[in-house]
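All remarks here apply to the structure that follows.
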Amino acid sequence: MTDFTLVIPTYNRPAQLSRLLRYLNGVPWTLMVLDSSDIQDAYLPPTPYYARFPSDTHPFDKFLSGVNGVDTEYCALCADDDLVLPAGIEACLSVLRSHPSVACTHGF
């Protein structure tokens with residue numbers, strides 16, 4: 001069981017979402033897709049963490065709903081056209097796990 005969820009909001013960018021999900025295939029974390037797209041052509045891995053929203057949902061409402069649905073200790077947002085480095089995420093998680101007083105981490 002993982003203690004980290006990567007929340008991926010998307011809106012009408014199936015190619016970018018597909019690329020990101022393929023790149024992240026096999027990471028040990030929970031992936032949560034928040035989709036308010038009109039377009040439904042993206043590659044989606046089998047996951048119970050896929051949430052559909054109406055296409056007129058305000059992005060911040062979608063973010064809040066998604067983050068409120070996270071049940072892991074740690075989470076991060078990653079837009080569908082951004083790239084995260086798994087080694088960087090793991091380094092950040094290592095700091096968070098070993099220093100309970102730290103609220104967030106960020107790295108280059």
Side-chain angles (χ1 to χ4, degrees):
M1 174 81 177
T2 181
D3 62 352
F4 176 71
T5 300
L6 186 64
V7 179
I8 305 167
T10 187
Y11 177 75
N12 287 345
R13 294 194 286 212
Q16 291 88 337
L17 177 62
S18 292
R19 269 193 298 271
L20 179 61
L21 294 176
R22 283 191 175 104
Y23 171 75
L24 294 173
N25 186 37
V27 295
W29 329 309
T30 300
L31 301 177
M32 177 187 284
V33 175
L34 311 176
D35 190 354
S36 58
S37 299
D38 296 319
I39 303 166
Q40 296 299 309
D41 295 332
Y43 160 81
L44 295 173
T47 177
Y49 301 103
Y50 176 84
R52 286 278 309 136
F53 294 84
S55 61
D56 62 350
T57 302
H58 191 280
F60 293 119
D61 292 334
K62 183 168 61 173
F63 303 161
L64 179 62
S65 178
V67 171
N68 281 337
V70 168
D71 60 5
T72 57
E73 188 168 354
Y74 309 107
C75 71
L77 284 170
C78 176
D80 56 9
D81 63 345
D82 286 351
L83 177 68
V84 295
L85 302 176
I89 294 287
E90 291 299 333
C92 291
L93 287 170
S94 177
V95 170
L96 291 168
R97 290 175 185 133
S98 61
H99 302 307
S101 64
V102 173
C104 67
T105 59
H106 186 318
F108 290 91

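One is the number of the first residue; the rest follow in order along the sequence. All values reported here derive from a predicted model rather than from experimental measurement.
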Drop me the distance from [X]'s [atom1] to [Y]'s [atom2], to the nearest 0.5 angstrom.
X	Y	atom1	atom2	value
Y23	L85	OH	CG	5.0 Å
C92	R97	SG	CZ	10.5 Å
I8	L31	CD1	CG	5.0 Å
R13	D35	CZ	CG	11.5 Å
F53	H58	CZ	NE2	13.5 Å

Item checked: Single hit among D3, L6, I89 for side chain to side chain contact (heavy atoms under 4.5 Å, CB included) with Y74 -> D3
Notebook entry, point to check: If you take all heavy atoms of L20 and D82, which pair is closest and at what distance?
Noted result: CD1-O, 3.5 Å
Note to self: According to side-chain hydrogen bond (donor to acceptor under 3.5 Å, both in side chains), who are the partners of T57, at least two apart in sequence or on a separate chain?
What the structure shows: none
Note to self: Once side-chain hydrogen bond (donor to acceptor under 3.5 Å, both in side chains) is applied, do any residues pair with D61, and if so which ones, sequence neighbours excluded?
What the structure shows: none
Contacts under 3.5 angstrom, residues 62-69 side chains, donor-acceptor by atom type, not counting sequence neighbours:
{"from": "K62", "atom 1": "NZ", "to": "T10", "atom 2": "O", "distance (Å)": "2.8"}
{"from": "K62", "atom 1": "NZ", "to": "S36", "atom 2": "OG", "distance (Å)": "2.8"}
{"from": "N68", "atom 1": "ND2", "to": "L64", "atom 2": "O", "distance (Å)": "3.3"}

Next item on the list: Return yes if some donor-acceptor pair links the side-chain N/O of R52 with the main-chain N/O of S37 below 3.5 Å, else return no.
Entry: yes
Next item on the list: Establish, from distance only, whether the side-chain atoms of T30 and T2 form a donor-acceptor pair under 3.5 Å.
Entry: no
